Amino acid sequence: MTELLRIEDLKVHYPIRTGFWNRITDYVYAVDGVNFSINEGETYGLVGESGSGKTTIGSVIVGLEKATAGKVIYKGQDVTKASSRRKIHYNRDVQMIFQDSMSSLNPRKTVYQIIAEPLHNFEHLDNNAMDKRIKQLLDIVGLPQRTLYQYPFQFSGGQRQRIGIARAVATNPKLIVADEPVSALDLSVQAQVLNFMKDIQKEFNISYLFISHDLGVVRHMTKNIAIMHLGRFVEIGTRDDVFDDPQHIYTKRLLAAIPEMDVTNREQNKAHRLAIEKQYQDHHADYYDASGRPYPMRKLTDTHSVAMTREEAEAAGVASGKAEADALAKGGE
Amino acid sequence: MIIGKNLLEAKGVGVDFRINGEWLTALYNVDLSVKPGEVLALVGESGSGKSTFAMSVMALHNPNQSRVTGSIMLDGHQIVDATEAEMRELRGVKVGMIFQDPLSALNPLMKIGDQIQESMSAHSIVPKEQWQEHTIKLLDEVGISKPELVADQFPHELSGGMRQRVMIAIAIANEPDLLIADEPTTALDVTIQAQILDLIKEIQAEKNIGVLLITHDLGVVAEMADSVAVMYAGQIVERGTAEQVFENPLHPYTRSLLRANPSLDTLNDQLYVIPGVVPALSEMDHSRDLFLERVPWMQEAAKEKVSDVPAEPEEGHFVRGNAWKDFKFQDGYLEPGRGQKEAQSK
Amino acid sequence: MWKLILRRFLIMIPQLILMTILLFALAKMMPGDPFTGRFSAHTDIHTLLRLRREAGLDDPWPTQYFRWINNIFHGNLGNSFVLQKPVATLLGQRIQNTVWLGLLSLGLVYTIGIPTAVASATHEGSFRDRFWTTYNSITGGIPAFVIYIFMLFLFGFTLNWFPTTGSVSIDANGFWPVLGSRFYHLILPALSVALFSTVSLFNTLRTSLLDARSADYVRTARAKGVSNKRVFWRHIFRNSMLPVASTFGFDLVGIFSGAVILETVFGYPGMGRLFVQSITTRDYTTMNAIMLFSGTLTLIGSMLNDIIMSWVDPRIRIK
């Protein structure tokens with residue numbers, strides 16, 4: 001198994017400006033020191049609720065946002081800086097699929113123009129080769145040829161999402177960052193898109209960073225999963241590690257909150273959820289540091305890591321959440 | 001009110017919309033009922049007509065662009081031919097409603113307290129001198145910890161979950177008998193969703209009100225509903241108790257939906273795909289079983305006329321058409337994934 | 001709130017400095033000077049050069065600039081070379097005239113624009129709606145000066161209903177007669193503005209009323225059982241006025257920029273006409289003073305907008 005992309009101690013902090021002179025008084029720790037790696041041809045799931053920072057990580061990887069600190073390493077090369085990305089065709093190899101296919105496709109462009117855009121940018125094809133490639137891509141995503149000169153609004157949500165995928169795979173990427181790719185879709189259409197993503201993954205050996213809040217979908221799609229809360233990872237593991245043996249209270253809480261398709265046991269499910277919720281409220285201080293953020297990670301097994309409890313963090317001497325934050329704030333000015 | 005009597009009873013409800021000068025049928029022959037203390041989930045994908053039904057109960061369709069037929073009885077009041085003035089007395093009093101996106105459903109320029117009080121000021125159920133006090137009580141009831149503070153805030157200052165709590169406070173301000181919740185948790189995170197659903201359940205049990213829950217999320221239905229109605233293309237294709245519909249789904253659409261949902265059994269497989277799309281309003285022929293058009297091996301059955309009276313294979317479990325009798329999934333046709341490409345692109 | 005106003009005010013200072021530099025440079029780049037116009041076969045070139053030197057026009061630019069700024073700070077806007085009067089006095093009278101004309105026109109624009117937009121939006125697709133929409137698209141399409149000349153020709157010269165020049169008639173004496181005469185002189189130009197420039201207000205308000213009508217919070221209000229009338233005024237109308245309020249500051253400032261053509265056509269002695277005169281006669285001091293004045297006003301207008309917006313829209317209110 002070869003590693004394709006590695007994220008090392010990634011931090012993205014936004015300054016908060018307040019007061020009369022609009023001075024930086026604090027930071028939003030959107031992403032605060034995360035580490036993970038994606039293997040070739042694999043799907044890595046990134047799960048978290050709104051504001052957890054999961055989308056920010058995706059944006060940093062595709063270059064829509066800059067890292068405050070840390071590294072993005074692609075095929076062994078540091079690509080954190082935009083200049084280093086150009087040399088190794090990083091921007092061609094890493095593409096993105098968005099949640100809202102309506103607003104991420106230019107309404108004034110035809111399907112042909114939309115798919116042609118990345119090809120224009122990264123490949124130098126003559127007109128014939130371009131036509132051939134676009135028709136081939138349309139075929140891959142299962143849209144008929146006659147749709148080439150139609151506009152996004154003429155398609156259903158699922159078809160639009162497939163146009164978005166065609167655009168993303170046009171340049172034969174190695175990695176696709178998929179940010180909530182099926183959240184806006186109906187169940188039947190969602191199944192089409194998910195199947196299709198799996199198909200092209202097998203066919204072209206694509207890796208996905210699959211960002212989602214929907215644990216059911218993530219469980220179906222991914223091999224390794226990271227659970228994110230308040231800018232940090234609270235748990236990393238294989239699908240089985242996370243779903244069958246959750247360690248962090250937040251992971252447990254998230255899992256318990258998923259509505260089960262199980263009518264007969266709904267009362268037990270609810271009791272379980274409320275018990276976890278109570279534990280989360282009562283033992284919050286055991287899992288989150290003075291500034292309210294999860295503690296650093298520790299390894300349980302080769303595949304499974306979890307954020308430490310306060311006890312463990314104190315024992316390891318890394319419990320100084322507040323001091324670290326203060327040092328950062330100072331350094332930023 | 002006598003337990004067992006229907007709080008909401010819809011019979012043969014149809015809704016037509018005028019679109020570009022043409023009348024198109026969006027809802028056809030809908031039969032539904034909600035008893036006090038019952039949670040009825042109306043499930044369907046976008047465009048199935050579930051929100052259209054909710055808006056008909058509130059009589060909130062634009063009267064110039066729509067017409068509602070059939071009968072909708074709400075606690076003894078006929079809604080279909082009620083005047084606007086009569087409806088105004090029912091909205092908020094007999095039936096309260098909450099919506100999908102609590103941010104856009106609240107007026108951004110009005111304080112939370114004022115928006116709750118507006119509910120009371122529209123009716124003379126809560127005396128004026130108690131408005132302030134009642135507002136605080138309501139906010140407390142929906143689980144907001146600093147009600148006085150929140151009453152003085154604007155919607156954008158609250159989190160999504162808090163906003164939906166405020167919406168619930170608005171909806172129950174005049175103690176209605178029926179609560180319509182239209183995708184109440186779709187815009188919320190899963191942990192917040194659980195809290196809001198719990199809150200709705202709690203209020204429902206405490207006040208013994210009926211809840212019409214509209215959602216596309218089968219998990220939410222399974223957790224919440226006493227009874228379920230499944231909608232497809234403006235019609236109810238199946239209804240029954242939650243146990244009946246989830247344990248023994250009959251209609252091909254219900255069965256397909258349940259199968260398309262990612263679950264433990266589908267871990268490494270392809271998901272089941274329902275080919276094709278919901279037909280456009282102008283292409284809906286409601287005398288047939290419209291879903292069958294999307295089942296490749298049932299094209300013959302798709303052309304047959306179907307009775308408007310549903311079958312009742314077990315007591316209280318209704319299903320439309322005859323296709324349920326011999327419907328089987330055919331793996332040859334539904335080879336998942338790319339194999340379906342051809343079928344879909346037609 | 002006060003903090004916001006104060007901060008907004010402080011931001012204006014560098015903007016003002018930049019503006020004075022630009023204005024000064026612009027004026028200097030224009031060909032000719034106040035004495036160019038007096039140049040004829042009979043003038044003694046040496047006298048002109050001496051006058052130039054005495055007026056300080058030969059000094060280096062920075063010196064001239066700082067002298068100008070220094071004078072402004074002492075309330076001295078300089079003397080008009082051409083009219084031989086202190087610019088401040090000149091401006092004083094003219095600004096008053098322009099303000100009255102502007103306020104009346106703006107008031108009329110709002111009194112015509114708002115009700116017609118409301119009528120249009122509440123009866124979308126009706127004859128009323130089509131009438132006002134067509135009216136606005138036609139009047140909005142005609143250049144202002146064409147309208148002014150037409151109005152002046154029809155009501156001033158042909159029908160003789162209104163005076164065709166000046167701001168007050170010479171034989172008016174006493175407080176009330178003067179006030180009446182002033183108002184009489186204002187009516188025609190103000191109406192000409194108001195009848196033909198409702199288009200942007202009308203379109204903005206009509207569109208936002210139509211949008212607000214189908215907004216989710218309006219649906220919520222109706223679901224509460226609130227009466228249609230109250231839904232309209234409390235929710236639809238109030239929220240639709242936001243985009244209108246957001247341009248109020250600029251509308252107010254627009255009075256002065258619109259005055260140039262208006263006052264020239266109607267022979268109305270306001271700032272606009274003074275400005276045109278000062279350009280044609282290369283009267284730098286007057287010109288600069290007017291530009292400085294209207295530039296400052298523009299900055300104040302945008303500050304006013306920010307303050308109004310933060311006052312009416314809690315979402316951008318700064319704590």
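Note that the structure is a prediction, hence the values are computed from the model and not measured. In the text below, chain A, chain B and the rest are named by the order of the sequence lines, each starting its count at 1.
Taking the six-membered ring where the residue is Trp, the centroids of B:Phe329 and B:Phe327 are separated by under 6.0 Å.
Crowding of B:Lys201 atom NZ: a count of heavy atoms from other residues, nucleotides or ligands under 6.0 Å exceeding 12. Shown here is B:Gln299, whose CD atom has more than 12 heavy atoms of other residues, nucleotides or ligands within 6.0 Å.
Only the side chain of A:Lys202 comes within contact range of chain B, with heavy atoms under 4.5 Å apart. Neither the backbone nor the side chain of B:Val245 comes within contact range of chain A, judged by heavy atoms closer than 4.5 Å. Only the side chain of A:Asn269 comes within contact range of chain B, judged by heavy atoms closer than 4.5 Å. Using a 4.5 Å cut-off between heavy atoms, A:Arg273 touches chain B through its side chain atoms alone. Interface remark: B:Gln193 contributes side-chain atoms only to the contact with chain A (heavy atom separation under 4.5 Å). Contact of A:Leu187 with chain B is made through backbone and side chain together, with heavy-atom distances under 4.5 Å. Looking at A:Leu274, only its side chain comes within 4.5 Å of chain B, counting heavy atoms on both sides.
For chain A, the option among B:Asp217, B:Val220, B:Val190 with the highest count of heavy-atom pairs below 4.5 Å is B:Val190. When B:Asp189, B:Asp198, B:Leu188 are compared by the number of non-hydrogen pairs under 4.5 Å with chain A, B:Asp189 comes out ahead. Put simply, of B:Ser46, B:Gly47, B:Ser256, B:Gly160, the one with the most heavy-atom pairs under 4.5 Å next to chain A is B:Ser46. Between chain B and the residues A:Gln190, A:Glu267, A:Lys270, the most heavy-atom pairs under 4.5 angstrom are made by A:Lys270.
Looking at B:Asp226 and B:Lys35, no side-chain N of the basic residue comes within less than 4.0 Å of a carboxylate O on the acidic one, giving no salt bridge. A salt bridge links B:Glu183 with B:Lys50: the closest approach of a Lys/Arg side-chain nitrogen to an acidic carboxylate oxygen falls below 4.0 angstrom. Ion pair B:Arg320/B:Glu238 not flagged as a salt bridge, since none of the NZ, NE, NH1 or NH2 atoms sits closer than 4.0 Å to an Asp/Glu carboxylate oxygen. Between A:Lys198 and A:Glu203 no salt bridge is recorded (no basic side-chain N to carboxylate O distance below 4.0 Å).
Cation-pi geometry between A:Arg160 and A:Phe155 is not met at under 6.0 angstrom from the ring centre and within 45 degrees of the axis.
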